[in-house]
Amino acid sequence: MMDAATSTQGRLQSATRDPAIAVAGVSKWFDSGGAQRLQVLQDIQLAVGEHEIVAILGASGSGKSTLLNIISGIVKADRGRLWINGVPTDEFDDWRSVSYMFQEDRLLPWRTALRNVEFALEAGGIARAERERRATATLELVGLNGFENAFPYQLSGGMRSRVALARSLVLEPCILLMDEPFSRLDAQTRALMHTELLRIHKLKKMTIVFVTHDVEEAVVLADRVVVMTPRPGRVREQVDVELARPRDATMPEVTRYIQRLRALI
């Protein structure tokens, strides 16, 4: 049986040959206000294959969101290297192909659903008519046709999440990064969003990396779950979820994965 280090090395080599995301030896410190800096991440090795769905799972403070922010280019690593689609991030210039869906929906309250989605296109020099066409099509993709002119206060939590998802998708990204995007939803709405995300992933063939503290969500959605240690965050183990979709948390096979992952956190 392949051990964890060999498995990680193999994945990293594979992603470098046929890359979506590759992370090699990444560490990060933050100022803590004292004499010593606080180490948040330590020597992260991670490879994400093209079209793969990967969950980053761990307890609060394990550096999950920091790792996602480093992959997105929002935060710079203090040590190590990253590649996006085979290009080192310090040379990568196609960041519009990488979308980020935050934990909060961050909708602008004075804009309709259509105009919130269109907002993501405004910096690209795209004509108004084309922006509107793409935003309308993306709202339809996430099941919100007919709600183009609704304001955020008129939408349920699940519908607001769909608008936020549409805003992330309207750029037609190759890579979608998600930071606990469904954590504020009730269980039933969250399950519906899981189904929608998997449907869109199958249709659009994106690479998805999402952060979660919800073990069930990780098993239901991901092809692979990366389990982080407490701070400083390191990759404790990577677990391939070798189950057909759709998956339900009550299925015995899913339950076994959930139990295994809970034991690792």
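Within 6.0 Å of the CZ atom in R79, the count of heavy atoms belonging to other residues, nucleotides or ligands does not exceed 12. Within a 6.0 Å sphere centred on CZ of F147, other residues, nucleotides and ligands contribute 12 heavy atoms or fewer. Heavy-atom neighbours of H213 NE2 from other residues, nucleotides or ligands within 6.0 Å: at or below the threshold of 12. Counting non-hydrogen atoms of neighbouring residues, nucleotides and ligands closer than 6.0 angstrom, the CZ atom of R231 reaches no more than 12 such neighbours.
Between the side chain of R247 and the backbone N or O of V219 there is at least one donor-acceptor pair closer than 3.5 Å. Remark: the backbone N or O of V170 is paired with a side-chain donor or acceptor of R134 at under 3.5 angstrom. Looking at H201, its side chain never comes within 3.5 Å of a backbone N or O of E52 through a donor-acceptor pair. D78 contributes a side-chain N or O that, together with a main-chain N or O of W29, makes up a donor-acceptor pair within less than 3.5 Å. Using a distance-only test at 3.5 Å, with no hydrogens or angles considered, no donor-acceptor pair links the side chain of S99 to the main chain of L176. Although no hydrogens or angles enter the test, the distance criterion places no donor-acceptor pair under 3.5 Å between the side chain of K64 and the main chain of I56. Under a 3.5 Å cut-off, the side chain of Q154 and the backbone N or O of F151 do form a donor-acceptor pair. When atom types are taken as modelled, the side chain of N116 and the backbone of R111 share a donor-acceptor pair closer than 3.5 angstrom.
Shown here are the salt bridge (charged side-chain N to carboxylate O under 4.0 Å, His left out) partners of E140, two or more places apart in sequence or in another chain: there are none. Among residues two or more places apart in sequence or in another chain, the salt bridge (charged side-chain N to carboxylate O under 4.0 Å, His left out) test is passed with R106 by E104.
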So R245 and D223, salt bridge (Lys or Arg N to Asp or Glu O under 4.0 Å) or not? Walk me through it. CA-CA 10 Å; R245 295 187 178 96; D223 299 309; 2.9 Å; yes
* **Derivation and outcome, side-chain contact (heavy atoms from CB on, under 4.5 Å), residues I53 and F210** => CA-CA 8 Å; I53 303 177; F210 71 96; 3.8 Å; yes
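Side-chain contact between D214 and F182 is absent, with no heavy atoms from C-beta onward closer than 4.5 Å.
By the 4.0 Å N-to-carboxylate-O rule, E242 lies too far from R224 to be salt-bridged with it. Between E196 and R199, at least one side-chain nitrogen of the basic residue sits less than 4.0 Å from a carboxylate oxygen of the acidic one, meeting the salt-bridge criterion. Salt bridge annotation for R190-E216: absent, with no cationic side-chain nitrogen under 4.0 angstrom from a carboxylate oxygen. Electrostatic pairing of K204 and E172 does not count as a salt bridge here, judged by no charged N lying under 4.0 Å from a carboxylate O.
Donor-acceptor pairing under 3.5 Å is recorded for the side chains of T250 and D248. Looking at Q45 and D43, their side chains do bring a donor and an acceptor atom within 3.5 Å of each other. With 3.5 Å as the limit, one finds no donor-acceptor pair spanning the side chains of E148 and T136.
The cluster map of Ile, Leu, Val, Met, Phe, Trp and Tyr, joined by side-chain heavy atoms under 4.5 Å apart, puts V54 and L67 in the same cluster. A single hydrophobic cluster is seen to contain both V142 and V163, as judged by linkage of ILVMFWY side chains at heavy-atom distances under 4.5 Å, directly or through other members.
The hydrophobic cluster containing L192, built from Ile/Leu/Val/Met/Phe/Trp/Tyr side-chain heavy atoms closer than 4.5 Å, comprises no other residue.
Ring pair Y100/F102 is parallel by interplanar angle, where below 30° counts as parallel and above 60° as perpendicular.
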